[in-house]
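Worksheet for the structure shown next.
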Amino acid sequence: MKVGSDRQMTLAGSVSLQGIGVHSGNPAEVTLHPADAGTGFVFVNRDPESGREVELPAHWRAVSATALCTVLGDPKAGGVSTVEHLMAALRGIGVDNALIEMDGPEMPIMDGSSEAFVTAIDSVGLRKLAAPRRYIRIKKTVRVDQGSAWCELRPFDGCRFDVTIDFDAAVIGRQSMVLDLEAENFRNELCRARTFGSVQDVEKLWSMGFALGSSLENSVAISEGQVLNPEGTRWSDEFVRHKMLDAVGDLALAGLPFLGLYRSYKGGHRMNHAILVELFEKAGKDAFEIVERSSDRTAPPVHADEPRLAVAQGAS
């Protein structure tokens with residue numbers, strides 16, 4: 001199965017995006033820069049207290065919250081929130097290495113999807129690096145159950161997502177989607193799927209000081225069984241497509257692309273993170289291996305004394 005380049009990729013140039021943070025409502029800017037092979041995805045942000053720059057690898061160990069979005073580190077001390085849509089764009093179109101420079105604690109929400117990030121990356125293009133691409137190959141099934149919800153990683157020759165959601169709201173209901181994660185599929189089927197929520201839930205968040213930047217410009221709003229956005233949905237199943245987009249972004253925090261099948265039922269940010277914890281901390285080393293796809297050779301192990309590589313690739 002086609003899984004992309006056998007060589008690592010980075011951006012061919014730097015590109016910036018401006019918008020607002022969906023929770024703060026404040027202006028937010030991010031600049032994406034090329035990075036060397038083996039860097040992975042690394043955020044560079046400024047600690048508002050000390051003024052110093054903080055480097056924060058986009059890594060599952062750095063996840064500090066998953067309730068409303070995926071948060072890395074402490075946003076009050078150089079951390080950053082709502083990273084999943086950018087992470088999905090990078091992983092979805094085949095980027096392996098990038099430095100992500102932030103001007104504050106929150107990623108710009110743009111239109112609530114990954115489309116603006118993909119467009120920005122396309123504007124500068126990609127550059128192939130000399131180093132071979134490495135993958136996390138799933139060798140045995142790993143599963144997490146939380147009530148009626150569950151998710152799992154299974155052996156599979158390729159990278160496939162199989163996501164089902166089931167909401168009480170009739171306008172959403174039960175939706176399922178299966179997709180092989182290839183750049184063309186991500187561009188055509190996932191990257192434009194927007195985040196969504198009920199007006200009642202958003203009003204509760206407003207009263208708590210969250211979602212202050214949420215609007216019909218950056219989310220699909222549902223009230224009394226109807227979609228309020230004048231343009232409607234971009235697909236009849238846009239809701240499950242966005243949940244899959246989130247899963248692609250959250251699983252990018254593993255540090256390397258997967259060779260495996262990810263399945264979820266009623267999943268979300270918390271469970272996407274939980275399956276990475278289960279895989280890397282609880283399932284044991286026989287659950288996965290690091291390989292170079294071009295020859296299916298087992299790659300050399302990543303050692304803890306390789307500072308950035310060990311953190312960014314999550315295989316120490």
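From a predicted model like this one, the values you see are computed outputs, not experimental measurements.
Taking a 6.0 Å sphere around CD of Glu217, one finds it holds 12 or fewer heavy atoms contributed by other residues, nucleotides or ligands. The 12-atom threshold is exceeded at CG of Asp145, counting heavy atoms of other residues, nucleotides or ligands nearer than 6.0 Å. Heavy atoms from other residues, nucleotides or ligands lying under 6.0 Å from CZ of Arg234 number more than 12. Heavy atoms of other residues, nucleotides or ligands lying less than 6.0 angstrom from CD of Gln200 number more than 12.
Annotation: side chain of Ile138 is in contact with side chain of Pro155 (closest heavy-atom distance under 4.5 Å). By the 4.5 Å heavy-atom criterion applied to side chains, Leu86 and Leu32 are counted as neighbours. Inter-residue side-chain proximity for Ile136 and Ile290 is flagged as met; some heavy-atom pair is nearer than 4.5 Å. Using a 4.5 Å heavy-atom cutoff, the side chains of Val95 and Leu126 are in contact. Contact annotation: the side chain of His242 never approaches that of Val240 to less than 4.5 Å [non-hydrogen atoms, C-beta and beyond]. In this structure, the side chains of Met271 and Ser264 stay at 4.5 Å or more apart for every pair of heavy atoms. Side chains of Thr233 and Phe239 form a contact here, defined as non-hydrogen atoms less than 4.5 Å apart. Residues Leu253 and His59 are not in side-chain contact: their nearest non-hydrogen atoms beyond the backbone lie 4.5 Å or more apart.
Without hydrogens or angle criteria, Arg91 side chain to Leu251 main chain gives no donor-acceptor distance under 3.5 Å. Counting only distance, with no hydrogens or angles, the side chain of Asn229 and the backbone of Ser219 share a donor-acceptor pair below 3.5 Å. Without hydrogens or angle criteria, Thr70 side chain to Val83 main chain gives no donor-acceptor distance under 3.5 Å. A donor-acceptor pair under 3.5 Å is absent between the side-chain atoms of His269 and the main chain of Cys69, judged by distance alone. Formation of a donor-acceptor pair under 3.5 Å by the Asn97 side chain with backbone atoms of Gly40 is found in this model. Listed for the Glu238 side chain is a donor-acceptor partner under 3.5 Å among the backbone atoms of Arg194. Ser64 contributes a side-chain N or O that, together with a main-chain N or O of Gly73, makes up a donor-acceptor pair within less than 3.5 Å. Of the possible polar contacts, one joining the Gln8 side chain to the Gly38 backbone as a donor-acceptor pair under 3.5 Å is found. Side-chain N or O atoms of Asn218 include none that pairs as donor or acceptor with a backbone N or O of Gly112 at under 3.5 Å. Panel note: side chain Arg7, backbone Ala130; a donor-acceptor pair is recorded below 3.5 Å.
A donor atom on one side chain and an acceptor atom on the other are not found under 3.5 Å apart for Ser114 and His85. Ser198 and Asp201 share a donor-acceptor pair across their side chains, judged by distance under 3.5 Å alone.
Between Ser148 and Tyr265, the closest heavy-atom pair is O-CD2, 3.3 Å. Contact record, Val248 with Gly92: CG1-N, 4.5 Å, taken as the closest heavy-atom pair. Heavy-atom minimum distance, Val80 versus Met102: CG2-CE, 3.6 Å. Nearest heavy atoms, Gly13 versus Val124: O-CG2, 3.6 Å. When all heavy atoms of Pro108 and Val30 are compared, the pair lying nearest together is CG-CG1, 3.9 Å. Annotation for Val118 and Ala89: closest pair CG2-CB, 3.8 Å, computed over non-hydrogen atoms.
Salt-bridge check for Glu231 with Arg192: failed, with every basic side-chain N at 4.0 Å or more from each acidic carboxylate O. Under 4.0 Å is where a charged nitrogen must lie from a carboxylate oxygen, and between Arg160 and Asp180 at least one such pair does. Salt bridge status for Arg46 with Glu53: present, with a side-chain N to carboxylate O gap under 4.0 Å. Comment: Arg154 does not engage Asp162 in a salt bridge, judged by the lack of any side-chain N to carboxylate O separation of less than 4.0 angstrom.
Rounding to the nearest 0.5 Å places CZ of Phe161 at 10.0 Å from CZ of Phe186. With rounding to the nearest 0.5 Å, the separation of CG in Asp6 from CE in Met9 is 11.5 Å. Here the CE-CD distance, from Met107 to Glu84, works out to 9.0 Å after rounding to the nearest 0.5 Å. To the nearest 0.5 Å, the span separating OG1 on Thr31 from CD on Gln18 amounts to 7.5 Å. Glu55 CD to Asn45 CG: the interatomic distance, rounded to the nearest 0.5 Å, is 11.5 Å. Rounded to the nearest 0.5 angstrom, Leu129 CG and Asp36 CG are separated by 7.5 Å.
Leu261 and Trp150 are assigned to two separate hydrophobic clusters, defined by single-linkage of ILVMFWY side chains at heavy-atom distances under 4.5 Å. Hydrophobic clustering (ILVMFWY, side-chain heavy atoms < 4.5 Å, transitive): Phe43 and Leu11 are in one cluster. When hydrophobic clusters are built by joining Ile, Leu, Val, Met, Phe, Trp and Tyr residues whose side-chain heavy atoms come closer than 4.5 Å, directly or via intermediates, Val171 is not grouped with Trp235. Residues Val220 and Val22 fall into different hydrophobic clusters, defined by Ile, Leu, Val, Met, Phe, Trp and Tyr side chains chained together at heavy-atom separations under 4.5 Å. Two different hydrophobic clusters hold Leu245 and Ile165 under the rule that ILVMFWY side chains link at heavy-atom gaps under 4.5 Å.
The distance between the ring centers of Phe156 and Tyr262 does not fall below 6.0 angstrom.
Cluster partners of Val199, using a side-chain heavy-atom cutoff of under 4.5 Å among ILVMFWY residues and allowing indirect links, are Leu216, Leu228.
Listed by first and then second residue, the salt bridge (Lys or Arg N to Asp or Glu O under 4.0 Å) pairs that reach into residues 240-260 are Glu189-Arg241, Asp237-Arg241, sequence neighbours excluded. Residue pairs that meet the side-chain hydrogen bond (donor to acceptor under 3.5 Å, both in side chains) test with at least one member in residues 273-282, sequence neighbours left out, are Arg61-Glu281.
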message = Could you go through Ile100 and Leu90, starting from their C-alpha distance and side-chain angles, then the distance that decides it, and tell me whether this counts as side-chain contact (heavy atoms from CB on, under 4.5 Å)?
response = CA-CA 11 Å; Ile100 305 160; Leu90 292 166; 4.1 Å; yes
